[in-house]
**Q** 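Got a structure here, written out as structure tokens. Questions coming.
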Number of protein chains: 2
Amino acid sequence: MSTRLLIVEDDENLRETLADFLELEDFIVEQAATVAEAKPILESATIDLAVLDIMLPDGDGYELSQWIRNQSIETRILMLTARGLEKDVVEGFESGADDYVSKPYRSKELLMRIKALLRRPVAVVETNTIEINGRTVDWRSMTAKYNDDELHLTSRAFSILKLLLEHKNEVLSREAILDACWGKDVYVDNRTIDNFISNLKKQFDLTHDNSYYIKSVRGVGYCLMNERKNT
Amino acid sequence: MSTRLLIVEDDENLRETLADFLELEDFIVEQAATVAEAKPILESATIDLAVLDIMLPDGDGYELSQWIRNQSIETRILMLTARGLEKDVVEGFESGADDYVSKPYRSKELLMRIKALLRRPVAVVETNTIEINGRTVDWRSMTAKYNDDELHLTSRAFSILKLLLEHKNEVLSREAILDACWGKDVYVDNRTIDNFISNLKKQFDLTHDNSYYIKSVRGVGYCLMNERKNT
DNA sequence: AGGCTTATGACAAACCCATGACAATTCCTT
DNA sequence: AAGGAATTGTCATGGGTTTGTCATAAGCCT
């Protein structure tokens, strides 16, 4: 797993020195001297971290940083610049930078800052939890909680609950539930489902005066209702 | 959504000043003057970012930072300290910090750095050692200790423990565990896994009344549970 | 061979969950 | 509107499956 860095800096001497140093640390280093050169490299979406100088021949680092964020390009941004006044630093962060280092930089410190940024995920973590009548359901760990006490749900109960949620506000016949949660060629009494539904109702309080509730449709099956409330 | 910060700093004057400043920015600010005071607050797992001083009456910020990472407490760490030599900065990052600011700090810059850290998800740090229910596991040396006596763990036990940790709070089927720890084309009885799990449970006391515990999911597999906050 | 790791078998314990029973509800017929 | 039939809610239970754990055999590396 190789990590790709991009250095945007117009002073060739400085850029090469830094690139050499970082390559020794096993990074793959791309280089750009201008904003125009940098953009296509960033658009290739393979850069894990970009080191930006402020003053560039055809623009400045703040604009480039903002451009990166506006494009939703997923990369970390470290500003490396001679301007160390507080207002410069603040402007750097405001343009979307993750870190700001003033020149002359101390190479070991810069390396540590780069590594610290790379430790942090770029993407936002997706949530695997859903809330039903105040209970929190976590599909990954197959747990459900109501104010810190765990509800007891078996894997079959989970699969039924999931099916109902995937088809909320839609009536599901007992046959459909059986097919989906037990399998097509399994021979089980329909009444078994009623027990699971009863259990779910009890644990999640799926009664009519809650925002989620289960409606039973006589002769057909069940329907998980979710009325959205007026806000 | 309120963001909670923790300031660990023994100089009361400085701490209060910083706290007031950050409260004006709508953060909820907790305070601690010592390592001993800080730990229980961090363990409550509600701190989004901790500002650590280095010199504390009963320890130092580096140790506290390492402790946070070893405990797998999910928080960002910003070191704020009078020691600005490069080796101090490097040591700060090596102990797991996400940012390092030297005193005297510039308040607007500090604020921007705090916000920059909060913009991103919490860092994933691979530490050499991790703590599970009071046992210390060292991945490099493949050893585990409980108050100075070594636990006996075989390499296969280690690989299963590691897999469970990498997927904590996620149910792993026996097949998935086999594929990951034995290999795709190895045919081993599923019950073998149960024995290793049983052994791990015994050695690490992975019972339900501990912060780490193994949940068995009937018909599916196992899940290493570890309390975490909902985001 | 010998020590250590790992796989398997065996047995008890725990746990689902499918089913039946009965009460409660709904629907339909009259 | 009332009675009856069908359907659903829910509890209790037994059987069968799955899991916890110990004991033992099979590999495996020196």
Side-chain angles (χ1 to χ4, degrees), chain A residues 142-144 150-164 171-183 185-210 213-225, chain B residues 142-144 150-164 171-183 185-210 213-225:
Chain A
M142 300 226 309
T143 50
E150 289 206 5
L151 305 184
H152 188 67
L153 289 181
T154 65
S155 55
R156 182 131 307 157
F158 263 99
S159 86
I160 294 174
L161 179 60
K162 199 172 176 189
L163 182 73
L164 290 172
V171 180
L172 290 169
S173 70
R174 292 192 175 70
E175 289 70 32
I177 297 173
L178 270 184
D179 284 355
C181 300
W182 272 259
D185 38 327
V186 179
Y187 200 61
V188 176
D189 196 313
N190 275 355
R191 301 306 317 284
T192 300
I193 295 170
D194 299 9
N195 282 286
F196 279 99
I197 296 290
S198 167
N199 179 39
L200 285 176
K201 273 188 195 169
K202 199 191 300 174
Q203 301 227 46
F204 288 90
D205 193 27
L206 295 163
T207 54
H208 194 282
D209 38 46
N210 266 319
Y213 64 97
I214 286 181
K215 186 177 67 164
S216 82
V217 182
R218 194 181 171 85
V220 184
Y222 296 96
C223 179
L224 178 65
M225 304 294 292
Chain B
M142 297 235 303
T143 51
E150 287 219 355
L151 303 184
H152 186 68
L153 287 181
T154 65
S155 60
R156 181 86 12 120
F158 262 99
S159 89
I160 294 174
L161 179 60
K162 198 170 176 193
L163 181 73
L164 290 172
V171 177
L172 292 170
S173 69
R174 292 192 174 71
E175 288 69 34
I177 297 174
L178 271 185
D179 284 356
C181 299
W182 273 261
D185 43 352
V186 179
Y187 294 102
V188 175
D189 197 311
N190 274 356
R191 301 307 318 285
T192 301
I193 295 169
D194 299 11
N195 283 283
F196 279 100
I197 295 288
S198 168
N199 180 40
L200 285 175
K201 272 188 195 168
K202 201 190 299 174
Q203 301 228 42
F204 288 90
D205 193 27
L206 295 163
T207 55
H208 194 283
D209 38 46
N210 266 319
Y213 64 96
I214 287 181
K215 185 179 72 157
S216 83
V217 182
R218 194 183 171 86
V220 184
Y222 295 96
C223 179
L224 178 66
M225 302 291 296

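Convention: sequence-line order gives letters A, B, ...; per-chain numbering from 1.
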**Q** Could you tell me the separation between the CG atom of B:L200 and the CG atom of B:L153, rounded to the nearest 0.5 Å?
**A**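 Nearest 0.5 Å value for the CG-CG distance: 6.5 Å.
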
**Q** OP1 or OP2 of C:dT6 versus the side-chain N and O atoms of B:S155: is any pair under 4.0 Å?
**A** yes

**Q** With the threshold set at under 4.0 Å for non-hydrogen atoms, list the residues of residues 188-201 of chain A touching DNA chain D in residue-number order.
**A**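 A:R191, A:D194, A:N195, A:S198, A:K201, in order of number.
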
**Q** Flag the pair A:L178 / A:V186 as yes when at least one side-chain heavy-atom distance between them is below 4.5 Å, and no otherwise.
**A** no

**Q** How would you label the contact of A:V186 with the nucleic acid (heavy atoms, under 4.0 Å): base, sugar-phosphate, or nothing?
**A**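 Nothing, no heavy atom under 4.0 Å.
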
**Q** Mind checking whether A:I177 and A:F196 have side chains closer than 4.5 Å, heavy atoms only?
**A**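 In short, these two side chains do not touch, never coming nearer than 4.5 Å.
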
**Q** To the nearest angstrom, how far is B:F158 atom CZ from C:dC4 atom P?
**A** 17 Å

**Q** To the nearest Å, give me how far apart CD1 (A:I214) and P (C:dT25) are.
**A**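 Rounded to the whole Å, the gap is 18 Å.
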
**Q** Under 4.0 Å between a side-chain N/O of B:W182 and OP1 or OP2 of C:dT6, yes or no?
**A** no

**Q** Output yes when at least one side-chain N/O atom of B:T154 is less than 4.0 Å from OP1 or OP2 of C:dC4, else no.
**A**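 For C:dC4, OP1/OP2 do not have a side-chain N/O of B:T154 under 4.0 Å.
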
**Q** Which value, rounded to the nearest 0.5 Å, describes the distance between A:N195 atom CG and A:N199 atom CG?
**A**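 One finds 8.5 Å between CG of A:N195 and CG of A:N199.
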
**Q** Heavy-atom distance under 4.5 Å between the side chains of B:D194 and B:R174, does that happen here?
**A** yes

**Q** Is there a side-chain contact between B:F204 and B:L161, using heavy atoms and a 4.5 Å cut-off?
**A** yes

**Q** For a quick check, tell me whether the side chain of B:R218 and the base of C:dC15 share a donor-acceptor pair closer than 3.5 Å.
**A** yes

**Q** Is the ring pair A:Y213/A:H208 parallel, tilted or perpendicular, if the boundaries are 30 and 60 degrees?
**A**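 Geometry flag for A:H208 against A:Y213: tilted rings.
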
**Q** In whole angstrom, what separates A:M142's CE from C:dC16's P?
**A** 10 Å

**Q** For DNA chain D, which nucleotides open and close the run of contacts to chain A, 5' to 3', at under 4.0 angstrom from a non-hydrogen atom?
**A** D:dA6 to D:dC11

**Q** Any side-chain heavy atom of A:L164 sitting closer than 4.5 Å to one from A:I197?
**A** yes

**Q** Apply side-chain contact (heavy atoms from CB on, under 4.5 Å) to B:R218 and A:T154, showing your working.
**A** CA-CA 8 Å; B:R218 194 183 171 86; A:T154 65; over 6 Å; no

**Q** Does a side-chain N or O of A:H152 approach OP1 or OP2 of C:dC16 to a distance below 4.0 Å, or not?
**A** yes

